[in-house]
Each structure stands twice: as structure tokens, then as C-alpha cells.
2 protein chains.
Amino acid sequence: MLYSENSSHETIRIAVVEDDKTVREGLQMLLNGSPGFSCVATYGNGEDAVADLPAVLPDVVLMDINLPGISGIECILALKEQKVPIQFIMLTVFEDSDDIFHSLSAGASGYLLKQTPPVKLLEAIQDVYRGGSPMSGEIARKVVQSFQHPLPDYAAANGLTKREDEILGYLVKGYFYKEIAGELFISVETVRTHIRNIYEKLQVRTRSEAILKYLNSR
Amino acid sequence: MLYSENSSHETIRIAVVEDDKTVREGLQMLLNGSPGFSCVATYGNGEDAVADLPAVLPDVVLMDINLPGISGIECILALKEQKVPIQFIMLTVFEDSDDIFHSLSAGASGYLLKQTPPVKLLEAIQDVYRGGSPMSGEIARKVVQSFQHPLPDYAAANGLTKREDEILGYLVKGYFYKEIAGELFISVETVRTHIRNIYEKLQVRTRSEAILKYLNSR
DNA sequence: GAATCAATCCCCATTGTGTGGTATATTCAC
DNA sequence: GTGAATATACCACACAATGGGGATTGATTC
């Protein structure tokens, strides 16, 4: 992994999609003024970008999320749909969780706040160009946290007792009543009673619903 | 967001868990030789770390994954279990996808390769200390890609026909055979036949197994 | 000590599910 | 056109799952 060297051999071709004229032109100047970077196109809205980018085919696109008309996210979806081989870095003022995850799901490779210093921005572009995924620190933490199941204590949240929670575990794994009874050394009847109470508390009527409800909560 | 300034006011207390003595002592020297950083403990295995860290309570732990005895990941799980307020940065030679996701799920905040240059390592520690989540470029990309549902075409992957895939959809949502039949304007018997074939192809014997298999594949 | 709750067990009845076998019409490929 | 795959449909059996009722024990709370 190499840092801070792009220098001579290759110039990264970049396009900017940003509705604020000042910001857009500021980025353009920054890029064209930095060796190894070239701003090959700028767009003030998503529609123009979607129409034009497949022909321009830059290496990296700096994409604002909040655009008049279609959003930056929809913009990416439209271009990915056409399998245009472009990398996207989202540039936005807010670190809204939904925006972050929607952007990444849509296919963005990086996610930075607009307040990112110019040097870091250039580094990020190189990073993406080389196959990385630059993110502001807080953004990265949100992304990482999405892997850390908060484990909201499903049992407590639904008023399940320990035994019920235990049985729910087996239920979700697909065990037959018989098998659960065998595992816990209790009668099938007892298992049935517990499950009845579980369903009552979870407001479901079948095992399938219970499984879905359980899995969707984590 | 601030960069490259930790200087005087606060010293970050760090512990190192690493079985290779050379690497361990190298890190210790690096940390103690850098202003703003202090290596308060080192461990050659996970067991010692788990036993001792709750008392030492460093701000950040640099954790190797491959340790003799319990792994670095299990180590984190054990400490998180006790709700010890420590941030973890994984340090490893391999960028194995499973390791990455298991580490992050376990509660690691950062993930770096051992080949990361010292300066970047120190930056990463500061980043974690401030609430960020530093990752090597390739690692970040893997994490980001995990949001980009490849949608491996479940039907094709298992040799399901269009109709079977359609029915599997309802099955997984918890619809009764009756309801599926109603939705598709076919008889319940036909639904049953399809489901029999689906189970055969998916190598499952119950609806629960089918749901789990289906959900786990995306 | 009465009330409450968790955990245990039982009966009855109905519906849902899984598996066995079989069959027909259509379509698509060779 | 023969054969394979697909979608459709039926019968029958056995077991699993769900819903209604009720009951006992032990621990905890008030």
C-alpha cells in the first residue's frame, strides 16, 4: 500500500456533480491545479451527469447527495444500471446515517464530508482510484457500528422470560417441538405452552412470522 | 474534524496484544517514543490480556488476530462481555474477509494491516481515540462492498425455476400454502408440488430451514 | 398468608406441512 | 418427433403446529 504518490505517470480523470456553483468551481480549480489530477467535466444537476458521464467516462466522480431533481444516490443507481465503470465518492455536508448506507448500497466507494481539507480530498481520490474506500472518521465509525449488532436484548424488549427466550432460540433454528423438549429435558406440552406465550408476546401466529420478526430485529 | 494534533494536553494509553516478541517490542518502542502516546501494557497471548486489561483499562488496544490459545477476536468478545470500555484496533498480516467481519462484529473499531507505516498507525490510534474507525484502504473497500448486495441470483444458483423462485418468495414471507395458491391462482396441490421440488433443490426438509438458508445467503 | 408469576404438564380439536406416488399439457432443444 | 424440463393437478398418510381449555408446583413479592 502506497501513500502520497501519484506524481507523474498517470493522471486521474475526475468529474464533479454539485449544484452549488461556488463549490463546484472551487473543486474544479483545486483538481486542475493539482498535478496528477484533472477535472474533465462538471455538472450542476444529476440529470445532466447521468446523460453525459457514460460518454466522458472519468475515473472518479465527486458526487453531491442533495441535488435539485434526482439525488446523487439515484444518479449513481442510474449509472450503475448501465454498468458504467466509474468510481463514486459522495461529498456532503451532513453525516446522515440513512444517506451513508443508501449511498454505499447504491455503489459509492467513498464518503466524505464537504469540510474535508483539500489535501485529504486529493488523497481520497487517489485512494479510490487504487481500490480503497476513503471515509471521514465519523462515517467510518458509523459503517463499522452497523456490523456491531446492538443486540437490543430481544427477550427484555418483548417481555420474554429466560425460558421463553431460550425456547425462541431453538424455534428460530428450526428445531421441532420434540427436539426442543429433548434438549431441555421437558415435555413437548411444556414447550407448546411456552411457544404459545411467546407468540402471544411477539404478536405472531406462526413459526415463520416469529423467525422473520426475530431476524429482522438484529 | 481535526488532523495531526494530539500534542501535549492528553496522552493516549495503549496496550498491545501480540505473540511475536519482536513486533510487540517494536510497537512498544514506537508508542513510548511518540509524544502523546504511552504503551501501558503488552501481552503475548489473549488469556493474559483478558485477565489483566479490565484492571489496566487502556484507551486503545492494538490486537493481533492470530494468537496462540484464544484468538484476538475471542479476546474482544470476552472483554466486551464485561463491558470494559476499551477501543480495539485489529492488527494483522492478512486481509481475510471473514476475519474482518468477525472482528468488526465482535466490536473492533479499526482494522489495519501490520505493514501499515508507523506514522499511519499513530494517526489511526488518534482516530480511534476520537471516535473514528481507521481501516486500510483495501479493508475499507471490502467493508463497503458488503453493503453492495451482489444479489447472487439465488434462483439460478440453486437451479430453481422462475415459478419455484416466485413461490419461495412467498414461502419465506410466511404465507400459508393456501395464500400462495390464492396469490398465484393455482391449486394448493400445485403449490405443494413446487415446494417439494424447492426443498429438494435447496436440500432442506422444512420451511424454517428454507427461510434460514434463504436469508443467510444475502 | 395471599397474590403473582414462571415453569411445568395434560386434553381435545383443527389446520398446516412434508412425503410418497401419479398424471397431463406445454414448451424447448436436439 | 422424441425426450427433457416445466407447470399444472390430484390422492393419501403421517406428523407437526397451532389454539382453546385447565392444572400444579415453587419462588417471589407485597
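Just so we're on the same page: letters track the sequence lines, and every chain starts at 1.
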*asked:* What does the B/S/- profile of nucleotides 8-18 of chain C look like, 5' to 3', with a 4.0 Å heavy-atom cutoff to protein?
replied: BBBBB---SSB
Say whether, by atom type as modelled, one donor and one acceptor occur between the side chain of [X] and the main chain of [Y] under 3.5 angstrom.
X        : Y        : result
A/Glu47  : A/Ile70  : yes
B/Thr190 : B/Ile186 : no
B/Thr206 : B/Glu209 : yes

Whole angstroms only, please: what is the [atom1]-[atom2] distance between [X] and [N]?
X        : N      : atom1 : atom2 : value
B/Glu209 : D/dA16 : CD    : C1'   : 14 Å
A/Glu166 : C/dA6  : CD    : P     : 15 Å
B/Ile211 : D/dA17 : CD1   : C1'   : 14 Å
B/Asp165 : D/dT6  : CG    : P     : 13 Å
B/Lys201 : C/dT19 : NZ    : P     : 16 Å

*Spacing of CD1 belonging to B/Ile139 relative to CE belonging to B/Met90, to within rounding of 0.5 Å*: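 Here the interatomic distance stands at 11.0 Å.
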_Test: B/Arg141 and B/Glu138 ion pair at under 4.0 Å_ =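 A salt bridge is absent here (no side-chain N lies under 4.0 Å from a carboxylate O).
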What N/O pairs connect the protein and nucleotides 25-27 of chain D at under 3.5 Å? Give each pair on its own line.
none

*Stepwise, does the side-chain contact (heavy atoms from CB on, under 4.5 Å) test hold for B/His194 with B/Glu166?*
CA-CA 10 Å; B/His194 282 307; B/Glu166 199 176 0; over 6 Å; no
Under 3.5 Å, which donor-acceptor pairs link side chains of residues 56-69 of chain B to any protein atom two or more places apart or in another chain?
from    : atom 1 : to       : atom 2 : distance (Å)
B/Asp59 : OD2    : B/Arg13  : N      : 2.8
B/Asp64 : OD1    : B/Lys114 : NZ     : 3.3

_Cation-pi geometry met for A/Lys178 and A/Phe176 (6.0 Å, 45°)_ = no
